[in-house]
Amino acid sequence: MAKISLFCCFIVVTLFSNNRDCEAEKVGVYELKRGDFSVKFTNYGATMLSAILPDKNGKLADIVLGFDSLKGYKNDTTYFGAIVGRVANRIGRAQFHLNGTYYQLVNNDGLNMLHGGYKGFSDVVWKVHSHRKDSHVTFTYHSYDGEEGFPGEVHVSVTYMLIEENKLGVKMEAMALNKATPVNLALHSYWNLGGHDSGDIFSHNLQLFGSKITPVDDELIPTGEIKSIKGTPYDFLQPREIGSRFNELPHGYDINYVLDDTNTDHVKKVAVVQESVSGRKLELWTNQPGVQFYSSNMLGHVKGKDGFVYSNYAGFALETQGFPDSVNHPNFPSQVLNPGETYVHVMVYRFTAN
């Protein structure tokens with residue numbers, strides 16, 4: 001089994017939580033473990049570092065792409081495993097109007113904003129609210145008024161929790177304290193069910209329960225349309241290999257799916273992914289209206305864990321979310337949070353192998 005050489009637990013380095021108050025915070029690693037299933041996180045970006053679980057033969061492997069050291073995450077442009085926000089995905093021209101006020105944000109993706117700006121939630125040090133190795137870890141962050149151009153103060157928390165023997169729950173919450181603001185958080189983990197160092201994900205079988213997508217322009221900004229996927233390479237309503245229609249797409253998958261309404265009161269099924277060699281299967285549920293399916297088209301050559309170099313298509317991301325750029329598209333479900341309101345984003349993963 002490949003060694004898991006992540007940076008040492010609990011006290012690693014002292015950083016500043018943000019540029020306003022320069023509050024020193026300790027950065028650490030926090031493990032959740034139950035039987036052969038273990039997951040590690042850090043409060044830098046509230047990031048998922050690893051997920052180790054057995055294959056059909058009982059062999060353990062880490063199925064999350066990432067780095068060996070904190071330095072890799074600090075210099076990261078891939079958002080490996082991080083909680084991204086205040087608004088995940090893109091905001092067109094890094095601007096919006098809200099309640100009669102124009103807001104100019106920090107553009108960090110050409111003229112647009114991506115994943116909250118140059119220093120979004122993925123690049124700040126969160127406080128550790130509570131941690132029990134056999135149960136959960138909760139991180140919190142106070143986002144200040146004007147951070148990356150967003151209005152108002154927001155209190156944010158994320159809880160990662162073990163459920164039964166093979167499930168991982170994620171609960172992201174945010175409360176606007178004094179001004180209306182868009183909020184759209186996402187977990188940006190990259191998965192490879194064969195193991196983080198097993199190559200590309202083309203042979204993974206994917207079933208994704210979204211019958212429509214929100215098309216984008218050349219800058220990956222939604223056009224405002226909502227289109228059916230029927231007969232297109234985006235159709236994964238029936239399970240098939242991720243790579244089976246790749247030749248029909250110039251750059252791979254990077255699109256928001258509109259999740260089908262399954263008439264459930266709480267969470268709906270997002271996707272099922274299975275890798276045949278290991279037998280590992282990932283199932284995902286959420287309470288959000290959309291999911292960004294990303295086939296890691298822009299990894300390039302990133303040196304990751306154990307020195308393994310991740311090339312394009314080395315992992316897949318399924319980022320449950322509100323629709324991208326919803327603040328500029330009134331026909332999309334609103335992501336605006338008013339003072340006193342609470343945003344709640346739930347994800348549940350189930351892992352099996354057979």
Side-chain angles (χ1 to χ4, degrees), residues 36-37 39 48 50-65 81 165-168 170 186-213 228-260 262 267-286 288 290-299 308 310-321 347-354:
D36 286 337
F37 179 34
V39 196
M48 180 189 295
S50 65
I52 299 171
L53 63 156
D55 67 6
K56 61 187 179 183
N57 299 312
K59 182 180 179 182
L60 298 178
D62 183 357
I63 62 170
V64 170
L65 276 60
E165 296 301 315
N166 60 345
K167 295 178 185 174
L168 175 68
V170 186
L187 172 59
H188 207 292
S189 290
Y190 292 68
W191 305 90
N192 188 316
L193 300 183
H196 78 91
D197 55 357
S198 63
D200 66 58
I201 43 84
F202 292 147
S203 64
H204 284 52
N205 271 280
L206 169 65
Q207 184 175 23
L208 200 161
F209 301 99
S211 301
K212 297 176 182 178
I213 57 171
S228 170
I229 59 169
K230 187 176 181 180
T232 75
Y234 295 102
D235 189 344
F236 285 96
L237 291 171
Q238 297 300 317
R240 63 179 175 87
E241 290 188 351
I242 289 173
S244 60
R245 299 185 68 176
F246 228 73
N247 62 329
E248 300 177 55
L249 298 169
H251 305 297
Y253 294 97
D254 191 4
I255 197 72
N256 174 65
Y257 283 77
V258 180
L259 292 173
D260 293 339
T262 54
V267 293
K268 50 196 168 187
K269 199 159 193 177
V270 176
V272 180
V273 191
Q274 189 154 17
E275 198 275 322
S276 59
V277 176
S278 68
R280 293 190 185 93
K281 180 166 72 173
L282 177 156
E283 297 170 88
L284 175 61
W285 291 261
T286 191
Q288 294 299 291
V291 62
Q292 189 83 10
F293 172 42
Y294 177 50
S295 53
S296 61
N297 316 318
M298 295 180 281
L299 277 184
F308 186 79
Y310 303 126
S311 298
N312 289 348
Y313 322 119
F316 66 89
L318 290 167
E319 307 155 58
T320 58
Q321 60 182 4
M347 307 174 75
V348 178
Y349 296 94
R350 179 167 65 189
F351 301 98
T352 52
N354 51 57

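- A distance of 10.5 Å separates CD1 of I201 from CG of N312, quoted to the nearest 0.5 Å.
- Remark: side-chain polar atoms of S296 are paired, donor with acceptor, to backbone N or O of G315 under 3.5 angstrom.
- In this structure the side chain of N256 never reaches within 4.5 angstrom of the side chain of V291, judged on heavy atoms.
- Within the 4.5 Å cutoff, side-chain heavy atoms of L318 are placed close to those of V273.
- Put simply, the side chain of S295 never gets that close to the backbone of N297: no donor and acceptor are under 3.5 Å apart.
- R280 places a side-chain N or O within donor-acceptor distance of the main-chain N or O of L53, the cut-off being under 3.5 Å.
- A donor-acceptor pair under 3.5 Å is formed between the side chain of Q207 and the backbone N or O of L237.
- To the nearest 0.5 Å, atoms CG (L65) and CZ (F308) are separated by 8.5 Å.
- Of the possible polar contacts, none joining the N57 side chain to the K59 backbone as a donor-acceptor pair under 3.5 Å is found.
- The salt bridge (Lys or Arg N to Asp or Glu O under 4.0 Å) search around K212 returns none, not counting sequence neighbours.
- Summarising the geometry, atom CD belonging to E319 is positioned 9.0 Å from atom OG belonging to S189; distances are rounded to the nearest 0.5 Å.
- When side chains are defined from C-beta on, H204 counts as touching L193, because their heavy atoms get closer than 4.5 Å.
- For the pair K268 and L259, the minimum side-chain heavy-atom distance is below 4.5 Å.
- Between H196 and V64, the shortest heavy-atom distance links the atoms CB-O, 3.5 Å.
- Shortest non-hydrogen contact noted between S278 and A353 is O-CB, 4.5 Å.
- A ring-centre distance under 6.0 Å is found for Y190 and H188.
- Atom CG of residue L208 and atom CD1 of residue I242 lie 9.5 Å apart, to the nearest 0.5 angstrom.
- With contacts defined as side-chain heavy-atom distances shorter than 4.5 Å, the pair K56/T352 does not qualify.
- Side-chain contact between L284 and M347 is present, with heavy atoms from C-beta onward closer than 4.5 Å.
- Nearest approach of S198 to N192, heavy atoms of both residues: OG-OD1, 2.9 Å.
- Aromatic rings from F209 and F236 are positioned such that their centres are separated by 6.0 Å or more.
- Note: F316 and Y294 fail the aromatic proximity criterion, with ring centroids not under 6.0 Å apart.
- Put simply, the side chain of Y257 gets close to the backbone of Y234: a donor and an acceptor are under 3.5 Å apart.
- Considering only heavy atoms from C-beta on, T232 stays 4.5 Å or farther from E248 through its side chain.
- Put simply, the side chain of L206 does not reach to within 4.5 Å of the side chain of E241, judged on heavy atoms.
- Side-chain atoms of D62 come within 3.5 Å of backbone atoms of A51 as a donor-acceptor pair (strictly under, hydrogens ignored).
- Taking the six-membered ring for Trp and thresholds of 30 and 60 degrees, W191 and F351 have ring planes inclined between 30 and 60 degrees apart.
- Atom NZ in K167 sits 15.0 Å away from atom OH in Y349 (nearest 0.5 Å).
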Evaluate Q321 against Q288 for side chain to side chain donor-acceptor pair (under 3.5 Å), listing each step before the verdict.
CA-CA 6 Å; Q321 60 182 4; Q288 294 299 291; over 6 Å; no
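- From R240, atom CZ reaches atom CG of N205 across 10.0 Å, with rounding to the nearest 0.5 Å.
- A donor-acceptor pair under 3.5 Å is absent between the side-chain atoms of D36 and the main chain of G58, judged by distance alone.
- Side-chain atoms of N166 never come within 3.5 Å of backbone atoms of R350 as a donor-acceptor pair (strictly under, hydrogens ignored).
- Partners of D260 according to the side-chain hydrogen bond (donor to acceptor under 3.5 Å, both in side chains) rule, which considers only residues two or more places apart in sequence or in another chain, are S211.
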Start with the C-alpha distance between I255 and I213, add both sets of side-chain angles, then the distance that settles side chain to side chain contact (heavy atoms under 4.5 Å, CB included), and finish with yes or no.
CA-CA 7 Å; I255 197 72; I213 57 171; 4.0 Å; yes
